[in-house]
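Worksheet: the structure to be examined is printed underneath.
For clarity, every value in this text was computed on a predicted model and none was experimentally measured.
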Amino acid sequence: MRTHLHIGVQDEPLALAKAERVRGTLAKLRPPVTTTLVLAPARTSRTGTSVNAIEQALLDGRCDVAVRHVKDMPAVPLVHQGTVVAAYPRRGDVRDALVHPGGMPLDRLARGTGIGTTSVRRAAYLARSHPHLTTVPLLGTVEQRLQALDAGGVGALILAFHALDPLDQEHRISEVLAVERMCPPLGAAATALQCRNNDEDTIAIVGLLDDTRTRRKIEAERILRCVLRAGGHVPSAGFCTTRPNGQLSLRGVLFQADGGRFIVSHQRGTNPMNLGIAVGFELFSSRFHHLIAARAAQP
């Protein structure tokens with residue numbers, strides 16, 4: 001059994017924080033596993049190539065494990081040929097959080113307040129629920145966006161709740177937004193640990209970090225993403241939970257980027273793949289789907 005692993009990770013704060021948690025867990029195994037980080041370029045945009053760089057490092061043998069943000073992984077294919085997701089560690093909080101310098105909740109923000117975000121999903125939900133507020137495109141890491149807020153570039157931010165905790169910025173949250181108010185992206189707050197599929201020793205070690213409940217939920221969400229991607233590029237959101245009886249509950253959403261129309265499907269089941277397919281097909285069968293798809297296709 002191997003005792004040392006090279007871990008590939010994006011060179012940005014949140015990914016590094018996730019990698020450190022993985023390293024800490026591996027170090028507590030008996031016998032402990034030591035690790036070295038292999039850094040890939042930080043993603044510079046939502047269509048950047050750093051994810052491919054991490055996979056390439058894995059396939060080239062420069063790292064043994066790739067730490068991935070599930071929500072940023074491609075919908076199709078689910079995994080690159082020659083690789084496997086050996087573990088989905090326990091998932092974080094999927095909710096979004098408002099950060100306002102004065103600690104104001106969303107409903108009390110003044111008309112015209114600029115909310116910093118590059119998320120089409122967040123902008124659509126804000127346009128529907130708070131049309132008197134404005135969204136301001138704001139690129140950069142979580143730390144860079146917080147710096148822009150401090151400098152007065154925007155009036156408030158909406159960020160992923162789970163992204164603030166590892167950066168010791170959770171104290172800045174003025175309101176945590178319930179998923180009923182702002183549905184999270186599919187794969188939110190989840191980490192995938194990807195290995196080469198012929199590296200049995202590494203798969204066995206990393207597999208010890210797998211959380212079965214998280215895996216089932218993420219599998220349902222990733223299948224839903226796959227189905228939605230196969231049907232064209234339409235803005236989407238969704239999340240899966242586990243009921244007390246072990247049954248999965250999956251919610252999927254398609255929406256217009258301007259917040260003009262939302263389609264929701266909510267189903268329950270025990271098989272993650274079947275559930276993801278069923279929710280995806282129900283969304284596509286809606287009589288409003290063609291309106292959203294047509295709007296999404298406009299330049």
Could you tell me whether the side chain of T83 and the main chain of H80 form a donor-acceptor pair under 3.5 Å? yes
CZ/R21: more than 12 non-hydrogen atoms of other groups inside 6.0 Å: no
Looking only at side chains, do H162 and E170 share a donor and an acceptor under 3.5 Å apart? no
Sorted by chain and number, sequence neighbours left out, side chain to side chain donor-acceptor pair (under 3.5 Å) with Q169 holds for none
Residues at least two apart in sequence or cross-chain that pass ring pair (Phe, Tyr, Trp, His ring centres under 6.0 Å) with Y88, listed by chain then number, are none
Please report whether the ring centroid of Y125 lies less than 6.0 Å from that of F262. yes
Indicate yes or no: does R181 engage E175 in a salt bridge with an N to O separation below 4.0 Å. yes
Side chain to side chain contact (heavy atoms under 4.5 Å, CB included) with L106: which of T113, D96, L98? L98
Going from NE2 on H6 to NE2 on H4, what distance comes out if it is rounded to the nearest 0.5 angstrom? 4.0 Å
So does R95 pair up with D93, basic N to acidic O under 4.0 Å? yes
Cluster link V234 to I263, ILVMFWY, side chain under 4.5 Å: yes
Rounding to 0.5 Å, atoms CZ (R23) and CG (L16) come to a distance of 10.0 Å
Residue set satisfying salt bridge (Lys or Arg N to Asp or Glu O under 4.0 Å) with D258, at least two apart, ordered chain then number -> R295
Pair R90 + D210: basic N to acidic O under 4.0 Å: no
Between Q247 and T270, a side-chain donor and acceptor under 3.5 Å: no
In plain terms, say whether R91 and E221 are close enough for a salt bridge, that is, a side-chain N and a carboxylate O under 4.0 Å apart. yes
So if you build clusters from Ile, Leu, Val, Met, Phe, Trp, Tyr with side-chain heavy-atom gaps below 4.5 Å, do I292 and V227 land together? yes
Can a side-chain donor-acceptor contact be found between R225 and S236 if the only test is distance below 3.5 angstrom? no
Using a 3.5 Å distance criterion without hydrogens, assess whether the side chain of E219 forms a donor-acceptor pair with backbone atoms of R216. no
For a quick check under 3.5 Å, do T191 and H69 share a side-chain donor-acceptor pair by atom type? no
Roughly how far, to the nearest 0.5 Å, is CG of L78 from SG of C226? 5.0 Å
